[in-house]
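Below is one structure, written out as structure tokens; comments come after it.
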Amino acid sequence: MTLTLESSVTTTRTRDPKALLNAVEPHLQHLTINVLDSGMSIWDREVALLLRDNTMVRDMAERIMGQAVAYTVATMEHKDVHLGVGKLVDIGVHQLILDTPVYFAMCDLYNGGAYRHHAPFIERRGDGLCIRTADFLRSDGWPVDEELWAIDGADCSPCDNKSPDSH
């Protein structure tokens with residue numbers, strides 16, 4: 001007699017922002033000496049740059065960077081979904097974009113090699129996009145830091161998804 005067990009358990013995908021950011025290293029094509037000369041991982045580099053330019057403790061910098069990576073990769077993988085961040089998470093998004101060799105490598109790996117523009121409007125939105133973005137990220141398998149998304153609540157990013165390949 002043979003028994004076959006059927007499982008009704010569904011697997012939930014969990015995405016690790018630190019691992020996904022570190023995965024861009026082999027895709028670095030520009031200024032690699034500048035990026036890699038410290039011996040730090042890409043994650044540690046971006047966190048160190050956040051700490052250099054902002055007044056915060058390491059734990060907060062890591063929390064912000066984790067949510068920024070989740071948001072940035074999600075905008076690349078789901079171009080048809082309008083996503084946005086509040087002021088706090090946007091600090092991390094801007095850090096990623098400003099470190100252009102790393103951002104280009106992210107575009108190479110997660111956006112099919114195409115550059116993903118950042119084209120914000122001047123005025124912030126007040127339509128709850130931050131909360132909807134957190135909900136979307138959670139459904140896409142990302143760990144969501146509820147506190148960071150709730151801080152800005154309805155005061156959302158001024159990002160534009162109408163321009164081709166922008167967020």
Side-chain angles (χ1 to χ4, degrees), residues 10-24 41-100 102-112 114-167:
T10 57
T11 304
T12 303
R13 175 172 74 159
T14 302
R15 308 191 71 190
D16 179 1
K18 184 176 182 178
L20 290 171
L21 184 57
N22 284 334
V24 306
S41 69
I42 301 299
W43 172 267
D44 287 334
R45 173 185 167 78
E46 298 309 313
V47 169
L49 288 169
L50 267 181
L51 290 169
R52 182 195 72 187
D53 295 337
N54 299 276
T55 303
M56 65 180 74
V57 296
R58 183 171 180 92
D59 177 65
M60 180 58 78
E62 289 183 341
R63 290 171 63 194
I64 290 170
M65 186 53 59
Q67 299 306 285
V69 170
Y71 165 79
T72 303
V73 172
T75 65
M76 292 177 180
E77 293 179 341
H78 303 282
K79 293 178 183 74
D80 58 326
V81 179
H82 188 51
L83 303 172
V85 295
K87 292 177 185 177
L88 192 55
V89 175
D90 209 21
I91 294 168
V93 173
H94 288 164
Q95 176 51 57
L96 291 170
I97 293 169
L98 287 172
D99 197 359
T100 57
V102 171
Y103 187 65
F104 282 24
M106 289 182 76
C107 291
D108 185 45
L109 184 58
Y110 300 115
N111 199 44
Y115 182 75
R116 181 97 168 135
H117 294 278
H118 181 57
F121 292 116
I122 301 300
E123 297 297 319
R124 289 199 169 269
R125 302 163 52 128
D127 63 358
L129 182 60
C130 284
I131 302 303
R132 290 193 306 277
T133 297
D135 291 341
F136 178 81
L137 293 175
R138 188 178 307 100
S139 74
D140 195 39
W142 296 98
V144 171
D145 189 323
E146 301 291 342
E147 186 177 39
L148 295 185
W149 292 94
I151 285 172
D152 293 305
D155 188 21
C156 299
S157 121
C159 293
D160 175 17
N161 72 332
K162 293 167 187 63
S163 299
D165 209 17
S166 73
H167 62 95

Original post:
Any side-chain heavy-atom pair from T72 and Y110 closer than 4.5 angstrom?
Top reply: no
Subject >> Inter-residue atom distance I97.CD1 - F104.CZ, 0.5 Å rounding >> reply: 11.0 Å
Subject >> For the student: nearest non-hydrogen atoms of V144 and Q67, plus distance >> reply: CA-OE1, 3.6 Å
Original post:
Which heavy atom in H117 sits nearest to a heavy atom in Y103, and how many Å separate them?
Top reply: N-OH, 4.5 Å
Original post:
Which value, rounded to the nearest 0.5 Å, describes the distance between T133 atom OG1 and L83 atom CG?
Top reply: 4.5 Å
Original post:
How close do Y71 and V93 get, heavy atom to heavy atom, and via which atoms?
Top reply: CD2-CG2, 3.5 Å
Original post:
Does the side chain of E146 reach to within under 4.5 Å of the side chain of R138, using non-hydrogen atoms?
Top reply: yes
**OP:** Return yes if some donor-acceptor pair links the side-chain N/O of D140 with the main-chain N/O of W142 below 3.5 Å, else return no.
**Re:** no
Subject >> Exercise: identify the closest heavy-atom pair between V89 and A68 >> reply: CG1-N, 3.8 Å
Original post:
I64 and M56: side chain to side chain contact (heavy atoms under 4.5 Å, CB included), yes or no, with the steps?
Top reply: CA-CA 10 Å; I64 290 170; M56 65 180 74; 3.8 Å; yes
Original post:
Can you name the closest pair of heavy atoms from N22 and S41 and give their distance?
Top reply: OD1-CB, 3.4 Å
**OP:** Report yes if some heavy atom in the side chain of R132 is under 4.5 Å from a heavy atom in the side chain of D127; otherwise report no.
**Re:** yes
Original post:
Would you say the side chain of Q95 lies within less than 4.5 Å of the side chain of V47, judging by non-hydrogen atoms?
Top reply: no
Original post:
Less than 4.5 Å apart, any side-chain heavy atom of W149 and any of V85?
Top reply: yes
**OP:** Quick one: do M60 and R63 satisfy side chain to side chain contact (heavy atoms under 4.5 Å, CB included)? Show the steps, please.
**Re:** CA-CA 5 Å; M60 180 58 78; R63 290 171 63 194; 3.8 Å; yes
Original post:
Would you call K87-D90 a salt bridge at under 4.0 Å N-O?
Top reply: no
Subject >> Value rounded to 0.5 Å, distance of CD1 in I42 from CE in M106 >> reply: 10.5 Å
Original post:
Is there a side-chain contact between I91 and D53 (heavy atoms, below 4.5 Å)?
Top reply: no
Subject >> 4.5 Å side-chain heavy-atom contact, L20 and K18 >> reply: no
Subject >> Heavy-atom pair of closest approach, residues M65 and G92 >> reply: CE-O, 4.1 Å
**OP:** Answer yes or no: is there a side-chain heavy-atom contact under 4.5 Å between R116 and K79?
**Re:** yes
